[in-house]
Amino acid sequence: MDAVRNRGPFRVSVCGQEELEQLSRDGSQFSLSTGILPSLGARSNRRVKLRRFVISPYDHRYRIWETFLVVLVVYTAWVSPFEFGFLKKPQSPLSITDNVVNGFFAVDIVLTFFVAYLDKSTYLLVDEPKKIALKYASSWLVFDVISTIPSELAHKISPSPLRSYGLFNMLRLWRLRRVSALFSRLEKDRNYNYFWVRCAKLVCVTLFAVHCAACFYYLLAARYHDPKRTWIGASMENFLEQSLWIRYVTSIYWSITTLTTVGYGDLHPVNTREMVFDIFYMLFNLGLTAYLIGNMTNLVVHGTSRTRKFRDTIQAASSFAHRNQLPVRLQDQMLAHLCLKFRTDSEGLQQQETLDSLPKAIRSSISHYLFYSLVDKVYLFRGVSNDLIFQLVSEMKAEYFPPKEDVILQNEAPTDFYILVTGAVDLLVLKNGVEQVVGEAKTGELCGEIGVLCYRPQLFTVRTKRLSQLLRLNRTAFLNIVQSNVGDGTIIMNNLLQHLKDVKDKDPIMEGVLLETENMLARGRLDLPLSLCFATLRGDDLLLHQLLKRGLDPNESDNNGRTSLHIAASKGNENCVLLLLDFGADPNSRDSDGIVPLWEAILGGHEAVVQLLIDNGANLRSGDVGHFACTAAEQNNLQLLKEILRYGGDVLSSRNNGTTALHVAVCEDNIEIVKFLLKQGADIDKPDVHGWTPRDLADQQGHEEIKNLFQTIKELKTQSVVAIPEKQKAIRFLGRFTSEPMILPSPQEGNDGSWAGQSRPRRRTNNFHNSLFGIMSAAHTGEKDMSFADHQTRGEKSGTNPARVIISCPEIGEVAGKVVLLPESFNELLEIGSMKYGIMASKVLNKDGAAIEDIEVIRDGDQLIFVSNGGTI
């Protein structure tokens, strides 16, 4: 959408995207050949959407009109001097045509009042009609109007001395300014050849000068009082009676002869007027001839200057080689390089020169288009980010090398490395004064990267086998880019080491390079920005220690939030874990997936690392436990689920999308994990974010065994809710309900059958009745889901069986637990733990780790954990 603002006397338009596209389709709207450059500080563009009835001077339709007028100007340039010199009165064909042409220029005068103009001080298009009219009236209006008046009318109203026919027509040559503007535009238009446009302009200038001189010179003879004492009358008697064609050709012949020679031959000035005219004409010819010769010479030299410069360069190189007695091989390399450079220049292959002349953004886009796919496949840059490759290709320089030319010399300083685009090179080593070929590099391979990355003298001499194109990357530019992409620097170093390992068996030189590089890495002596993750991946605790002592953040992470502690825990490297923890690494750091180092160690089965992390405060609850449980279910790993429970994780937790381990187990059709989760209290009716419950998944996927299990649970749950207890004659002690807390009776009973004493307050109802164990327990014991008020009113009992609890002791490795009846006292509960696990039980904890000190706070279905005081029975 256009935003139009008023700035002083001018209206300025800011172009929208659609209008810019329209401008590009319209052609030369933004052509640099059509207008002046903006002044420094100019902040506006040309107008795009002008006032109504105002025409843009850059509109393609107006340009067509201007081109048509140029054709009429060419006619005017010929006919005006002709009528002035050869005609005494109007003649029908020419006079009619003149008036028609004048009519077109009259239309153009009217049209100019509606054409916006470009203000040269502000570079803004002015579209106010008053300002357009004022500017036109104060500049060219008078000349345009005079040049449009018909010749017949001018002849009648002119004074007697000026009534010569055609004299007034000479004012129409004012229109020639349009031709000059046309040629200036064509010279800058890339659609036309500059050489031929310049030649056409020189030819037109010459022909016009010859035509005008012939017409004026004939006029001198025709108006002289003695026709025989004229240049044409002396050689042609009664020339006025000759045909118009003969007189015109004779005049043109004289004009061309005078322009191109120093003698006249049979035509020469006779009277004083003619001599004076010839003097000025020949002086004019001096300048015109110099102008023509200078322009033609410049055009010819422009086409041959490259060849001349090439020959001079070759001559200078040959002289230098002979003077310094260079070996033949070096002479051949010098000449081959110069010849290749001339060839690329002459054939328009100046790739790097063309790129260097462009802005950086365009240069980067071109390099990305040309070289990105090639660089992306190079082994050194596998796995790095797209941003790094984009930055690298923007800094690469494309170069051509002829056959048998040295690109890199052995033992030279590592300033650059190269990627082969086309061609092939030999890798040579100098041994005992003899060069030996030890390898070959082809398209897409690297040369000199080991010297650059390891900062050591180049290992090989790289010599082209045939005409090759290479991409050169400067070491300083490369390191500057990698410094800002630490993670990519790690990947590049890993790729290099892996490459050296792959080729060390084939090349003994590479084995030594590998050992030396690893030693330099361990001491932190490389210039590449190494990260803690890189050292941890390699298991290099010495390098890790060096980097930590430099002050690197022990909690630094990669793009996925994965820290060095995650990597060390997954690899089970105790030394690296200890180093990181000693330097302040967070044992509970989460990556982008919610994974903590403790989970990495558990997955890897590294018990020593697990214990080390736990001793330093690590716990699973800091991570996404729901994700851990679902992962274990996806792997059908029941033992891993038990490990999550063992280390304090809740296997019933859900992922961000609401999926629980039970959902996953049902999808995997793993009946053992389903039973285990149900035993822990998993809810078969818990939906995920899409509304799917485990029971729905079992029905949808047709897992019959799981469907039957869920159906049994549903029936037992229904029975436990709807069953009606038998009436009892006397009020007895109320047992434990699956949906009610335990309530002890009052010591005294009232006469009306009610409790005389104040009963204990109710505690919150638990959800254990939803578990498989709770439902089956309630069904077998005959417990009924009734409120305390109902029992109090009806005098009914709930059953005689006490509550059941799950006990476990992680200290001796018992995590799954055992189901026992809840005793009447806390001491009896401790004795049960001692007997079951053979320990001196001193504490009882719930599943959340809270200590239990009274038997009355324990509810039906609770999970109890026994903790010893350090002794065994």
Side-chain angles (χ1 to χ4, degrees), residues 26-29 31-36 46 50 53-84 90 93-118 120 125-127 129 132-154 166 168-189 191-192 196-198 200-209 211-212 215:
D26 287 346
S28 59
Q29 192 83 1
S31 173
L32 294 179
S33 64
T34 61
I36 62 172
R46 294 174 183 164
L50 303 175
F53 303 122
V54 175
I55 303 170
S56 170
Y58 307 104
D59 188 275
H60 71 284
R61 292 167 295 183
Y62 184 71
R63 285 294 174 82
I64 294 174
W65 169 255
E66 285 189 319
T67 304
F68 171 70
L69 291 182
V70 168
V71 176
L72 300 183
V73 169
V74 173
Y75 166 79
T76 302
W78 176 83
V79 77
S80 295
F82 180 80
E83 291 178 342
F84 177 60
L94 286 180
S95 62
I96 295 175
T97 306
D98 286 348
N99 291 329
V100 172
V101 171
N102 290 337
F104 282 112
F105 281 102
V107 172
D108 183 67
I109 292 175
V110 177
L111 190 63
T112 305
F113 282 98
F114 299 94
V115 177
Y117 68 92
L118 190 68
K120 293 185 179 181
L125 278 180
V126 180
D127 62 348
I132 296 174
L134 180 62
K135 181 179 183 299
Y136 186 40
S138 61
S139 56
W140 316 124
L141 177 61
V142 175
F143 296 96
D144 289 345
V145 171
I146 293 176
S147 63
T148 311
I149 297 175
S151 301
E152 295 82 359
L153 178 61
F168 188 82
N169 291 353
M170 295 302 294
L171 296 176
R172 297 175 186 171
L173 295 179
W174 161 250
R175 302 170 182 172
L176 286 175
R177 60 186 176 86
R178 297 177 182 269
V179 180
S180 178
L182 174 66
F183 276 111
S184 297
R185 188 165 67 247
L186 293 179
E187 288 174 359
K188 300 179 181 67
D189 196 328
N191 295 317
Y192 299 93
W196 294 113
V197 171
R198 291 291 297 177
K201 181 178 181 180
L202 296 177
V203 170
C204 290
V205 170
T206 305
L207 293 178
F208 178 72
H211 174 69
C212 288
C215 293

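Nothing here was measured: the structure is a model prediction, and the numbers come from that model.
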Might you confirm whether atom [atom1] of [X] has over 12 heavy atoms from other residues, nucleotides or ligands at distances under 6.0 Å?
{"X": "W140", "atom1": "CH2", "result": "no"}
{"X": "Y75", "atom1": "OH", "result": "yes"}
{"X": "F113", "atom1": "CZ", "result": "yes"}

Could you tell me which non-hydrogen atom of [X] sits nearest to which non-hydrogen atom of [Y], and how far apart they are?
{"X": "W65", "Y": "D108", "answer": "NE1-OD1, 2.9 Å"}
{"X": "P81", "Y": "C215", "answer": "O-CB, 3.3 Å"}
{"X": "I149", "Y": "N102", "answer": "O-ND2, 4.2 Å"}

Output the distance between atom [atom1] ([X]) and atom [atom2] ([Y]), rounded to the nearest 0.5 Å.
{"X": "L118", "Y": "Y58", "atom1": "CG", "atom2": "OH", "answer": "4.0 Å"}
{"X": "I55", "Y": "D127", "atom1": "CD1", "atom2": "CG", "answer": "12.5 Å"}
{"X": "L141", "Y": "K135", "atom1": "CG", "atom2": "NZ", "answer": "12.0 Å"}
{"X": "L69", "Y": "F104", "atom1": "CG", "atom2": "CZ", "answer": "9.0 Å"}

For this session: Carefully, step by step, assess D144 and R177 under the rule salt bridge (Lys or Arg N to Asp or Glu O under 4.0 Å).
Result: CA-CA 12 Å; D144 289 345; R177 60 186 176 86; 3.4 Å; yes
For this session: Carefully, step by step, assess V115 and Y136 under the rule side chain to side chain contact (heavy atoms under 4.5 Å, CB included).
Result: CA-CA 10 Å; V115 177; Y136 186 40; over 6 Å; no
Beyond-backbone contact of [X] with [Y], side-chain heavy atoms, under 4.5 angstrom:
{"X": "C204", "Y": "V74", "result": "no"}
{"X": "R172", "Y": "V101", "result": "no"}
{"X": "F208", "Y": "L173", "result": "yes"}
{"X": "I132", "Y": "Y117", "result": "yes"}
{"X": "T148", "Y": "R175", "result": "yes"}
{"X": "F183", "Y": "R198", "result": "no"}

Problem set entry | E83 and D98: CA distance, side-chain angles, deciding distance, side chain to side chain contact (heavy atoms under 4.5 Å, CB included) verdict | CA-CA 11 Å; E83 291 178 342; D98 286 348; 2.5 Å; yes
For this session: Measure up the W78 and H211 rings against each other and bin them: parallel (under 30°), tilted (30 to 60°), perpendicular (over 60°).
Result: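 W78 and H211: parallel rings.
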